[in-house]
Amino acid sequence: MALRLHDTLTREKRLFTPSDPGRVTMYVCGPTVYNYAHVGNARPVVAFDVLFRLLRRQYGAAHVLYAANVTDVDDKINLKAAQEGVPIDVVTSRYLDAYHADMSELGALKPTFEPRATRTMDAIIAMIGRLLRNNAAYAAEGHVLFNTAAYADYGRLSGRSMTDMIAGARVDVAPYKQNSADFVLWKPSKPGEPEWPSPFGPGRPGWHIECSAMIEETLGLPIDIHGGGNDLIFPHHENEMAQGMCADHPTAYAHYWMHNGFLNFGDEKMSKSLGNVVLVHDLVTRTSGEAIRWALLSAHYRQPLQWSEALLDQASKALDRLYGALRRAADIEVADAAPSETFLEALEDDLNTPRAFAEIYALAARLETGTGAERAAAKRALLGSARLIGFLGADPEAWFQGAADPAFRLQVEALIAERAAARDAKDWASADRIRGRLAEMNVEVMDGASGASWRLREKV
Ligand SMILES: [Zn+2]
């Protein structure tokens with residue numbers, strides 16, 4: 001395998017070589033659990049899940065360690081808990097459970113580790129202690145701050161000058177800061193907010209130090225791959241790198257930095273503050289997680305992705321077409337599904353999912369139009385390729401019976417029950433009317449000895 005990944009730090013696509021092929025390490029910044037995840041939050045989860053699956057195939061599942069953290073204490077969480085009058089863990093466990101369920105609907109494998117800030121306090125405090133000892137941090141008025149002047153390469157990851165960074169970070173001007181770009185490692189909690197004891201006084205950590213400490217504790221520094229959305233490059237990842245390098249890891253923090261592009265809604269970035277969010281939690285009640293996953297991977301992960309209902313509809317139709325091809329090829333036995341070379345080459349080229357999708361379509365076309373042996377080879381490659389990245393795992397018949405859309409399935413089943421009741425009452429007019437309604441919904445009803453069954457005709 002010749003996997004090449006785009007590295008934000010060196011600004012080039014580089015051959016991926018893990019430090020230790022027996023222990024490949026990847027970290028992706030995870031959610032702050034104070035609300036349901038929106039579809040933009042799901043983009044890195046799905047994109048890095050593709051990479052996780054590819055690495056597991058290459059190095060063996062036991063040799064790839066993937067950590068995705070959970071921020072379970074911060075201002076927004078504290079605010080929500082205060083509004084509800086409950087402890088913060090009531091809020092965080094509610095939204096973390098929902099997050100797990102929603103990401104699983106999107107076919108994302110569970111990371112190997114899911115460290116949580118509130119359970120990593122000792123490691124966070126120890127790392128701040130080392131930064132103080134190394135003169136890369138200083139205490140002032142109950143706070144501990146990172147001293148950006150102590151790290152000569154500060155700004156290298158994001159490619160910003162100190163002037164840009166000060167302007168871009170909109171950092172709080174505080175009289176106790178030595179440099180205006182300095183950022184918080186530890187701060188006192190406000191009255192009533194959760195706090196932890198520390199040698200620097202009671203309080204809680206800043207956001208950036210959480211990730212550095214969690215990486216060090218779960219995976220060890222330096223790691224092979226660090227990922228996240230490109231809105232995290234500055235200040236979050238710039239600060240993470242500065243902390244790690246100054247806390248006794250001077251050679252490297254992460255060997256490959258990967259960042260996914262924004263998900264846009266209309267002309268705007270999807271964000272909670274803009275109020276234009278589409279929650280995964282709502283989407284999965286009306287469409288299949290597999291279609292959402294397809295839509296999220298339809299653009300290359302580094303490119304912006306324009307989210308729309310039309311995109312989701314196209315994704316559903318694409319999967320209808322692929323499952324349709326599999327349904328028509330149900331007679332072909334496949335024991336040894338394996339991805340095609342063309343498909344792997346596309347993924348190995350910095351996870352080029354649009355090209356990988358084109359190969360999936362080509363394989364489906366060969367399955368539909370080829371001769372006997374060609375069809376078997378095409379089905380083998382189609383299933384091997386698609387399943388490697390989390391698609392076409394369902395039974396094709398089940399897909400056309402509403403696996404694609406749970407709300408639709410319930411609606412069809414309610415209409416079929418209504419029709420059966422009408423028939424029992426010998427109300428033939430109503431039974432026919434309901435059958436007509438189902439036909440309009442593209443549903444074919446088959447009456448049998450044990451009652452009616454149904455299937456969806458493929459959309460054309
Ligand atoms: Zn992070």
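Atoms within a ligand are numbered from 1 in the order they appear, just like the ligands themselves.
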Requested in this report: Provide the full list of salt bridge (charged side-chain N to carboxylate O under 4.0 Å, His left out) pairs with a residue in residues 81-96, sequence neighbours left out, each pair given once.
Outcome: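 Those involving residues 81-96 are Glu84-Arg94.
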
Report task. Could you tell me whether Lys110 and Asp49 have a side-chain N and a carboxylate O separated by less than 4.0 Å? Result ->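 Not counted as a salt bridge, because no side-chain N and carboxylate O are separated by less than 4.0 Å.
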
Requested in this report: State whether Tyr323 and Arg321 meet the cation-pi test: NZ (Lys) or CZ (Arg) under 6.0 Å from the six-membered ring centroid, and within 45° of the perpendicular axis.
Outcome: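 No, Arg321 does not sit over the ring of Tyr323.
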
Report task. Taking the Zn ion (ligand 1) as the reference point, name the nearest N/O/S atom of Glu240. Result ->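 The Zn ion (ligand 1) is closest to the Glu240 atom OE2, counting only N, O or S.
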
**Report entry** Partners meeting ring-ring contact (aromatic ring centres under 6.0 Å, His included) with Tyr176 (sequence neighbours left out)
**Finding:**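 Scan of Tyr176 (ring-ring contact (aromatic ring centres under 6.0 Å, His included), adjacent residues dropped) gives His143.
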
Query raised in the report: Does Cys211 bring an N, O or S atom to under 2.8 Å of the Zn ion (ligand 1)?
Result: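 Checking the Zn ion (ligand 1) against Cys211, an N, O or S atom does fall under 2.8 Å.
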
Query raised in the report: Quick check: does Cys29 put an N/O/S atom under 2.8 Å from the Zn ion (ligand 1)?
Result: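 Short answer: yes, at least one N, O or S atom is under the cut-off.
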
